[in-house]
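Labels below follow one simple rule: chain letters A, B, ... track the order of the sequence lines, proteins then strands, and each chain is numbered from 1. Only this structure's heavy atoms are used, side chains among them; waters, hydrogens and symmetry mates stay out. Remember, predicted model here, so these are calculated numbers, not experimental data.
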Protein chains: 2
Amino acid sequence: MAGTKKSTLALVAERAGVSIASVSRVLNGLSASADVTERVQQAASDLGYVPDATARSLKVGRTEQIALAVADAANPVYMSMMNEVSRVVADGGYRLVLSSTGADPANELDLLSGLDRGFVDGLILSPLRVTDELVEHLRRSRIPIVVLGSLPEGVPLDNVRADSVIGMRLALKHLAKQGRRRIAFLNGPVDTVPGATRLRGYLAAVEEYGTAQQADLQVEADDFTFAAGLPAAEALLDQSSPDAIVCANDLLAVAALKAIARRGLRVPQDIAVVGMDDTEIAQLVHPTLTSVDLGAAKRARTAAKLLLRRLGDPDAEVRQVVIEPKLRVRESSAKDAAREPSRTEASR
Amino acid sequence: MAGTKKSTLALVAERAGVSIASVSRVLNGLSASADVTERVQQAASDLGYVPDATARSLKVGRTEQIALAVADAANPVYMSMMNEVSRVVADGGYRLVLSSTGADPANELDLLSGLDRGFVDGLILSPLRVTDELVEHLRRSRIPIVVLGSLPEGVPLDNVRADSVIGMRLALKHLAKQGRRRIAFLNGPVDTVPGATRLRGYLAAVEEYGTAQQADLQVEADDFTFAAGLPAAEALLDQSSPDAIVCANDLLAVAALKAIARRGLRVPQDIAVVGMDDTEIAQLVHPTLTSVDLGAAKRARTAAKLLLRRLGDPDAEVRQVVIEPKLRVRESSAKDAAREPSRTEASR
DNA sequence: ATCGTTCTTGTAAACGTTTACAGGAGCCGC
DNA sequence: GCGGCTCCTGTAAACGTTTACAAGAACGAT
């Protein structure tokens, strides 16, 4: 069947006794006589011909590749996003180039400059920090970019974001309704976009629902990870005695669960815990974790579709989509402890 | 600084008043007079010139891209592998193209045939199932492939695998030494490579340590996921009363923990649980999960390095690396329940 | 029978690089 | 002062496609 040597249009043409133009036409389904079609197809299959992607790209000016750049691919929420993007993009006939930018904004800039090399047709970018310089680069990019996450007003780029302010509101409302008054906030770095907006949401909700507002109810982990969350949660429990903790992240929430368990306190009886992102982890831990679903999968899917749309129609109007958060109540904040998870999701 | 219009060698040449060959040479650091060098660099930066990746690829016959194909990107163990590969590959100056093949072997075959289109220089493949047809395709591939996982004898391909038979042996030895006699096995699909070898390892270890060998101590989940593991674990507890469960996977192990908790049994006092892969999840759950570290990160890193090596030297001798498993004892199998995790890993 | 259509096919240019080759300038030693 | 050397630079070919254009064949209509 497939030979092991490289094969080219010219070879096929020679074998079929036609010109390379005819071969190209037949293989691309353009008009050709039955005779030529037959001979070309025969020759092509004899030689196991496969068109060269690079040459084609150079000629048609498209690579059929899309880049996805996320800050921290180790975070489960990015993983689920990646999976969604991967699927949509593949369905659209594109390959996915992965770009792990890491926490350093410089990498994002590097990536953006590198984009002009034209190795992808479009980019989905999920920046942790949005600097002016980044925005400037985004504006003058030669290829379509859709941003996954918040963007300053007036930047004319497709983007899809979660409304985490409302998300925090949902969490605090839920807790306040149970009579929780000392609701703490375990945040990640506040100099990141998610960290900043979630803090804003927390403060607004504390105000709205009239729960305790004390500085010692807020703590900031060095990173949105379990490892960073653990000491932060410990510190929080040391410095205050909350009756609920809402966390910027499921990983941080799991860290809170652990810190609470180490002190012999009970969840949710003594302290309720609410996470954010509603990753798979929320359902794995014990007790299962109440979490604010910011629609990561949906955001990712939407972003990918927006990009495909723009690749198809570069002049389409700019669209900014906001995904509405949903609260997934589970054991870690249930009023009656015996309650089952409210919803079971398949994990794949 | 960078202009927003596309720029080409010819434009730079014109502006600098030299030939395109000279421009290319200067930009690639080849010999050139100070005068020309100066003028070219000036012109290039004026125009914000960036070389076109596609054209370069076509000419030099390399794409600087490497593909990574995994069956199920949603599995946390693949995620960690992906991160490692991503890093090594990036350090080597390559981009990473992600290919989620899914459970269907047909997709892997598609991918392999597509590889001849030459959009990547090499491939790291982690197949769930290894069919003859797959092996045949692997042999006649035109680009280097390194296989992440077991491979039939005599296939001359770089590969790196875990010795999960020894891994299972470690797990059972640990449990048997505690006096556990009814050690159950919660496996994933046995028609996959991991499923098959882990079963083999379990049976051999049961033999070696003389623990109970009963059919009802073995159960097979439909997939290596939490969702699939839950009913399987329930069934296991229904049909037998093990004093330990070793699982093919951390996700399955977490499912076992949950099923056990639902019955009001205690871990590890009533039933010890051991997982496999030692993913981050093992440290998040309560109780923390003893797990066999199959060196996923190390395997991935090694595979990536092997591929880079072969890309640099196509005639290097074929290397097959086996990574030695290590047991990470944690609370879920501790003899004395108050014991702390034996080792704390940073999560990033 | 001739002209005009339509349909098929081949020739050749183009995409943006890299690089083999050759021509020319400068320089040295004799 | 001239052959030979080195060093620099330009011309042009090549990578493997796609596609505009023209040429030719076949055929119908007048």
Side-chain angles (χ1 to χ4, degrees), chain A residues 3 5-41 43-44 47-65 93 114-121 142-143, chain B residues 3 5-44 47-65 114-121 142-143:
Chain A
K5 12 199 120 190
K6 61 196 155 192
S7 187
T8 132
L9 260 196
L11 260 6
V12 176
E14 186 184 19
R15 180 176 244 261
V18 299
S19 75
I20 67 170
S22 289
V23 177
S24 175
R25 277 188 288 254
V26 169
L27 265 25
N28 290 331
L30 302 183
S31 67
S33 69
D35 174 46
V36 168
T37 303
E38 158 70 18
R39 294 215 312 274
V40 167
Q41 277 169 349
L47 274 65
Y49 170 78
V50 266
D52 181 84
T54 307
R56 175 162 216 289
S57 288
L58 176 58
K59 191 59 180 118
V60 304
R62 285 176 297 115
T63 60
E64 324 246 78
Q65 294 190 150
L115 244 39
D116 287 340
R117 311 220 331 254
F119 56 84
V120 294
D121 298 338
R142 277 183 24 232
I143 64 169
Chain B
K5 18 201 112 188
K6 63 196 153 193
S7 187
T8 131
L9 261 195
L11 260 7
V12 177
E14 185 186 20
R15 180 174 244 261
V18 299
S19 75
I20 66 171
S22 290
V23 178
S24 175
R25 275 188 290 255
V26 169
L27 265 25
N28 290 331
L30 302 183
S31 66
S33 70
D35 174 44
V36 168
T37 303
E38 157 70 17
R39 294 215 311 274
V40 166
Q41 277 168 348
Q42 183 60 31
L47 274 65
Y49 170 78
V50 265
D52 181 85
T54 307
R56 175 161 215 289
S57 288
L58 176 58
K59 190 59 181 123
V60 304
R62 283 176 298 112
T63 59
E64 324 245 78
Q65 294 191 148
L115 244 40
D116 287 340
R117 309 217 335 248
F119 56 86
V120 294
D121 298 338
R142 278 184 24 231
I143 65 170

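- Remark: L58(A), K59(A) in residues 52-63 of chain A come within less than 4.0 Å of DNA chain C through at least one heavy atom.
- Between V23(B) and A13(B), the closest heavy-atom pair is CG2-CA, 3.5 Å.
- Atom CZ of residue R25(B) and atom CD1 of residue I20(B) lie 10.0 Å apart, to the nearest 0.5 angstrom.
- Residues L27(B) and Y49(B) have side chains in contact (heavy-atom distance under 4.5 Å, counting atoms from C-beta outward).
- Residues S7(A) and V12(A) approach most closely at OG-CG2, 4.3 Å, considering heavy atoms.
- Between the CG atom of L9(A) and the P atom of dC15(D) there is a distance of 13 Å, rounded to whole Å.
- Residue T8(A) places no side-chain N or O under 4.0 Å from the OP1 or OP2 atom of dC15(D).
- Put simply, the side chain of I143(A) does not reach to within 4.5 Å of the side chain of D121(A), judged on heavy atoms.
- Judged by distance alone, with hydrogens and angles left aside, R117(A) brings no side-chain donor or acceptor close enough to the base of dG16(C) to form a pair under 3.5 Å.
- If one axis is set at each end of the helix from dA1(C)-dT30(D) to dC30(C)-dG1(D) from five pairs, those axes are 60° apart, to 10°.
- In this entry the distance linking CG of L30(B) with P of dT6(D) reads 19 Å, nearest Å.
- Looking at heavy atoms from C-beta onward, D52(A) lies out of side-chain contact with T8(A) at the 4.5 angstrom threshold.
- Atom CG of L47(A) and atom NZ of K6(A) lie 13.5 Å apart (nearest 0.5 Å).
- Residue S24(B) is classed as a base contact, given a heavy-atom separation below 4.0 Å to a base.
- Nearest nucleotide to the A32(B) side chain, out of dT9(D), dG10(C), dT18(D): dT9(D).
- Distance from the side chain of P51(B) is smallest to dT17(C) among dT17(C), dT17(D), dT19(D).
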Begin from the C-alpha positions of T37(A) and Q41(A) and carry the test side-chain contact (heavy atoms from CB on, under 4.5 Å) through to its verdict. CA-CA 6 Å; T37(A) 303; Q41(A) 277 169 349; 3.9 Å; yes
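- Around CD of E14(B), the count of heavy atoms belonging to other residues, nucleotides or ligands within 6.0 Å does not exceed 12.
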Verify salt bridge (Lys or Arg N to Asp or Glu O under 4.0 Å) between D35(B) and R39(B), making sure each step is shown before the conclusion.
CA-CA 6 Å; D35(B) 174 44; R39(B) 294 215 311 274; 2.7 Å; yes
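- Interatomic distance, CZ of R117(B) versus CZ of R56(A), reported as 8.5 Å (0.5 Å rounding).
- Taking atom CG on N28(A) and atom P on dG16(D), their separation rounds to 17 Å, with Å as the unit.
- Between the CG atom of D35(A) and the P atom of dG10(C) there is a distance of 10 Å, given to the nearest Å.
- Rounded to an integer number of Å, the gap from R25(A) CZ to dC7(C) P is 14 Å.
- Rounded to an integer number of Å, the gap from CG of L27(A) to C1' of dT17(D) is 11 Å.
- Nearest nucleotide to the side chain of S31(B), out of dT9(C), dT17(C), dC8(D): dC8(D).
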Worksheet entry | Step-by-step side-chain contact (heavy atoms from CB on, under 4.5 Å) determination, Q65(A) to Q65(B) | CA-CA 11 Å; Q65(A) 294 190 150; Q65(B) 294 191 148; 2.9 Å; yes
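- Counting to the nearest Å, the P atom of dC15(D) and the CG atom of D121(B) are 18 Å from each other.
- Contacts between residues 10-21 of chain A and DNA chain C, counted as heavy-atom distances below 4.0 Å, involve V18(A), S19(A), A21(A).
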